[in-house]
Amino acid sequence: MILKYDVIVIGGGHAGCEAACASANMGAQTCLVTMDMNKIAQMSCNPAVGGIAKGQIVREIDALGGQMGLVTDATAIQFRMLNRSKGPAVWSPRAQCDRGKFIWKWRAMLDATPNLDIWQDQAEELLVEEGQVAGVKTIWGCELRAKCVIITAGTFLNGLMHIGRKMVAGGRIAEPAVAHLTESITRHGIRSARMKTGTPVRIDKRSVHFEEMERQDGENGYYKFSYLGEQRPLQQLPCWVCYSNEQVHEILRSGLPDSPLYNGQIQSIGPRYCPSIETKLVTFPDRPQHLLFLEPEGEDTNEMYLNGFSSSLPMEVQIEALKKIPALRDLKVYRPGYAIEYDFFDPTQLKHSLESKIVSGLFMAGQVNGTTGYEEAGGQGTLAGINAALKAGAAGGETTEKTFVLHRDEAYIGVLIDDLVTKGVDEPYRMFTSRAEYRILLRQDDADARLTEKAYELGIAKRNRYDWWIEKKKHIEEIEEFCKTFAIKPKVVNGALEAAASTPLVYGCKLEDLVARPELNFEKLYHIVPELHEIIARLPNRQEEIAEAAEIHIKYKGYIEREQMVAEKMHRLENIKIKGKFDYPNLSAISTEARQKLEKIQPETLAQASRIPGVSPSDINAMLVLMGR
């Protein structure tokens, strides 16, 4: 049987779901191929979305018309805004989700998406004709033909799971590995390698002594992930905190000879920023305890997730060690933690559109590009879906070379993709705020300001999202204009300023000058300047969200403008195209390392070249001179 589409997406994880929705919403006839329709967007590890920098990515996906934020808000059982003690540049939303409801909400989203079919099957062979992708063949003999194919296979490509010395092929627990797809891709000259990740034990909450743990409740404020949608409808549940101890560590150390990480069984590199408990013991041998979070998996289940205890030690070692934690002395588990090795493809072989440089029409997103995390996968999937739809001509049109690329000052997704394709990976890549040089421009509160109009012009963001942003933008500007023009008289406000531990005024000023003071915020100023509260109270909806966006913009205006100037300078290098203009192996004016790296990666612009490790500022200057700049 032969089925024909514009775009085929292989894999129904977080990257695949966002890619399929983005492509279909762009008007491309799209088919999502997944092995199990009942495990769409499965949260293979922690049932949580967001976190440091990851929460910003989810808001960017949402601003672009993606679904992850909406699904998260609908299924969240705990929400927190991380880093609130720091500046708004690093505030990061995070939600614990109901794992089962998350899957079915995503399934409902896919089922309601026009232009999107789901085919339950396993891709086995990539079809390529004269350097152009042509589709895929499945294990059941179906041939799916398309102008573009997006590979989002997660950890399934030649996946191998480890618990102690026991090894079982699989993409995740109780699910088969994909055995031949990698080889059908690499035969066309695309390089692959191996990575490793892991997941912790799952615990029966009926066996836990919660009275001996520290309770951690979420927040019940107005924050959420999506700029659309309603507040969290599900019951909000607490997480719990406990610690390992020396007895735990002693048992874990006794199992190290049987640990796949230390007996030579696993050769690939695991995630640096989410290490296994055995890696923590080896790396920090003098630390007497390690922090653990016990987190609920859903409203209606006894299953709980032990965050901080990822492990591939023998199951009896894991369980015996955990029983030495007082609150877990009567522990019962659903299954032990395990490690998994899988294939990925060197992301420097991709363009910034996430299309392969080697096979035209082949796109890759998610863990197959060497990343880790649902959010990083979803961000890549969104961009891959958009660009595949553009290349396929979207609604049945002619194939085009138009692409949608996000720069480093436009989105964390832009930072993520630029890091992947210009620097490559030697370990699973995880996003942090520290990876972005324009953090004050990439806040979680302004993703819609950065991206929604772009998405609407593309056709992926729908009219309701665009109309809400335009309304919000108008109200923000009204508040900013009010603060800019409203005159403050010292004799009227000085008493209130002193009560708020703020320096009294000597001369009159505008309200924006008070907003800029670090010790003052809108909430305190409502009592000092009732007119400010009145203008915000008149807003028809989302008053807190709009007020916060306006306050941040006023308070950090100078920092924002300065960072925009720096970004604009870098854009000058972004505009200098160098692809095909240099014969790098014979370019004696730059260092040997720079020649080798530039020849391998073939950057499109001078700015991209400047971010490649091993390419120095003097190398960039030499290239500028050679270009007559």
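Every residue meeting the side-chain contact (heavy atoms from CB on, under 4.5 Å) condition with Thr372, not counting sequence neighbours, appears here in chain and number order: Pro428, Arg430. Contacts of Tyr559 classified as ring-ring contact (aromatic ring centres under 6.0 Å, His included), with partners at least two apart in sequence or in another chain: none. Remark: Phe156 pairs with no residue by the ring-ring contact (aromatic ring centres under 6.0 Å, His included) rule, at least two apart or across chains.
Annotation for Lys484: atom NZ does not count as buried by contact number, only 12 or fewer foreign heavy atoms lying within 6.0 Å. The neighbour count for Arg562 CZ, taken as heavy atoms of other residues, nucleotides or ligands under 6.0 Å away, does not exceed 12. Shown here is Glu523, whose CD atom has no more than 12 heavy atoms of other residues, nucleotides or ligands within 6.0 Å. More than 12 non-hydrogen atoms from other residues, nucleotides or ligands lie less than 6.0 angstrom from CD1 of Ile560. Taking a 6.0 Å sphere around NZ of Lys86, one finds it holds 12 or fewer heavy atoms contributed by other residues, nucleotides or ligands. Shown here is Lys454, whose NZ atom has no more than 12 heavy atoms of other residues, nucleotides or ligands within 6.0 Å. In this structure, Arg272 places its CZ atom where only 12 or fewer heavy-atom neighbours from other residues, nucleotides or ligands lie under 6.0 Å away.
Residues Tyr456 and Arg463 bring a donor and an acceptor atom of their side chains to less than 3.5 Å of each other. Side-chain N/O atoms of Asp619 and Ser616 include a donor and acceptor closer than 3.5 Å. Checked by atom type, the side-chain pair Ser356/Gln349 shows no donor-acceptor distance below 3.5 Å. Judged by distance alone, the side chains of Asp409 and His571 do bring a donor and an acceptor atom under 3.5 Å apart. Side-chain contact check for Gln67 and Trp106: no donor-acceptor pair (N or O, by modelled atom type) lies under 3.5 Å. There is a side-chain donor-acceptor pair under 3.5 Å between Arg517 and Ser502. Gln367 and Thr155 share no side-chain donor-acceptor pair at under 3.5 Å. Side-chain contact of Asn586 with Asp583: a donor-acceptor pair under 3.5 Å is present, judged by distance alone. Counting only N and O atoms by type, the side chains of Tyr438 and Glu410 include no donor and acceptor under 3.5 Å apart.
With a 4.5 Å cut-off on side-chain heavy atoms, Lys423 and Ile612 do not count as touching. For the pair Lys357/Ile601, a side-chain contact is recorded, criterion being any heavy-atom separation below 4.5 Å from C-beta on. Within the 4.5 Å cutoff, no side-chain heavy atoms of Leu350 are placed close to those of Leu420. You'll find the side chain of Phe582 stays beyond 4.5 Å of the side chain of Gln602, heavy atoms only. The side-chain heavy atoms of Pro271 and Glu427, taken from C-beta on, include no pair separated by under 4.5 Å. Residues Phe344 and Ser192 fail the side-chain proximity criterion, which asks for heavy atoms closer than 4.5 Å. Counting only heavy atoms from C-beta outward, the side chains of Trp91 and Ile552 approach each other to under 4.5 Å. Ile576 places none of its side-chain heavy atoms less than 4.5 Å from the side chain of Thr605.
Between Glu568 and Arg572, none of the side-chain N atoms (NZ, or NE/NH1/NH2) sits under 4.0 Å from a carboxylate O, so this pair counts as no salt bridge. Here Arg465 pairs with Asp62 in a salt bridge; the nearest charged N to carboxylate O distance falls below 4.0 Å. Glu219 has no carboxylate O lying under 4.0 Å from a charged side-chain N of Arg80, or vice versa, which leaves the two without a salt bridge. A salt bridge links Arg94 with Glu295; the closest basic N to acidic carboxylate O contact falls under 4.0 Å. For the pair Glu545 and Lys472, the salt-bridge criterion is met [side-chain N within less than 4.0 Å of a carboxylate O].
Using modelled atom types, no side-chain atom of Glu375 and backbone atom of Ile57 make a donor-acceptor pair closer than 3.5 Å. Under the 3.5 Å distance criterion, the side-chain polar atoms of Asn387 are matched with a main-chain donor or acceptor of Phe404. Looking only at distances, a side-chain donor or acceptor of Arg59 sits under 3.5 Å from a matching main-chain atom of Gln444. The main-chain N or O of Arg443 is never found under 3.5 Å from a side-chain atom of Gln56 such that the two would form a donor-acceptor pair. Using a distance-only test at 3.5 Å, with no hydrogens or angles considered, a donor-acceptor pair links the side chain of Tyr227 to the main chain of Ala447. Put simply, the side chain of Asp73 gets close to the backbone of Phe225: a donor and an acceptor are under 3.5 Å apart. Under a 3.5 Å cut-off, the side chain of Glu376 and the backbone N or O of Ile413 do not form any donor-acceptor pair. Using modelled atom types, no side-chain atom of Asn83 and backbone atom of Ser92 make a donor-acceptor pair closer than 3.5 Å. Put simply, the side chain of Thr72 gets close to the backbone of Met68: a donor and an acceptor are under 3.5 Å apart. Checked by atom type and distance alone, the side chain of Asn521 pairs as donor or acceptor with a backbone atom of Lys524 at under 3.5 Å.
How far CD of Gln78 is from CZ of Arg232: 9.5 Å, rounded to the nearest 0.5 Å. Separation of atoms OH (Tyr429) and CG (Asn369) is listed at 12.0 Å; rounding is to 0.5 Å. Summarising the geometry, atom CZ belonging to Arg191 is positioned 4.5 Å from atom CG belonging to Asp346; distances are rounded to the nearest 0.5 Å. With values rounded to the nearest 0.5 angstrom, Phe522 atom CZ is found 7.0 Å from Leu511 atom CG.
Taking the six-membered ring where the residue is Trp, His14 and Phe102 present tilted rings, their angle falling between 30° and 60°.
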Inset, instruction - Could you walk me through whether Phe293 and Tyr305 pass ring pair (Phe, Tyr, Trp, His ring centres under 6.0 Å), step by step? - result: CA-CA 8 Å; Phe293 293 92; Tyr305 177 96; over 10 Å; no
Inset, instruction - Give the intermediate values and the outcome of salt bridge (Lys or Arg N to Asp or Glu O under 4.0 Å) for residues Lys577 and Glu604. - result: CA-CA 6 Å; Lys577 305 293 184 183; Glu604 296 282 342; 5.9 Å; no
Inset, instruction - Kindly indicate, with the supporting measurements, whether the criterion salt bridge (Lys or Arg N to Asp or Glu O under 4.0 Å) is fulfilled by Glu574 and Arg611. - result: CA-CA 11 Å; Glu574 295 283 6; Arg611 294 190 289 269; 3.1 Å; yes
Legend entry - Evaluation steps, salt bridge (Lys or Arg N to Asp or Glu O under 4.0 Å), between Asp419 and Arg408: CA-CA 9 Å; Asp419 280 353; Arg408 297 181 72 92; 2.9 Å; yes
Inset, instruction - With side-chain hydrogen bond (donor to acceptor under 3.5 Å, both in side chains) as the test, would you mind laying out the steps for Gln608 and Asp418 before giving the verdict? - result: CA-CA 8 Å; Gln608 291 170 23; Asp418 187 63; 5.2 Å; no
Inset, instruction - Give the intermediate values and the outcome of salt bridge (Lys or Arg N to Asp or Glu O under 4.0 Å) for residues Glu60 and Arg450. - result: CA-CA 8 Å; Glu60 290 171 357; Arg450 293 181 272 121; 2.9 Å; yes
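For the pair Arg287 and Phe284, the cation-pi criterion (under 6.0 Å, within 45° of the ring axis) is fulfilled.
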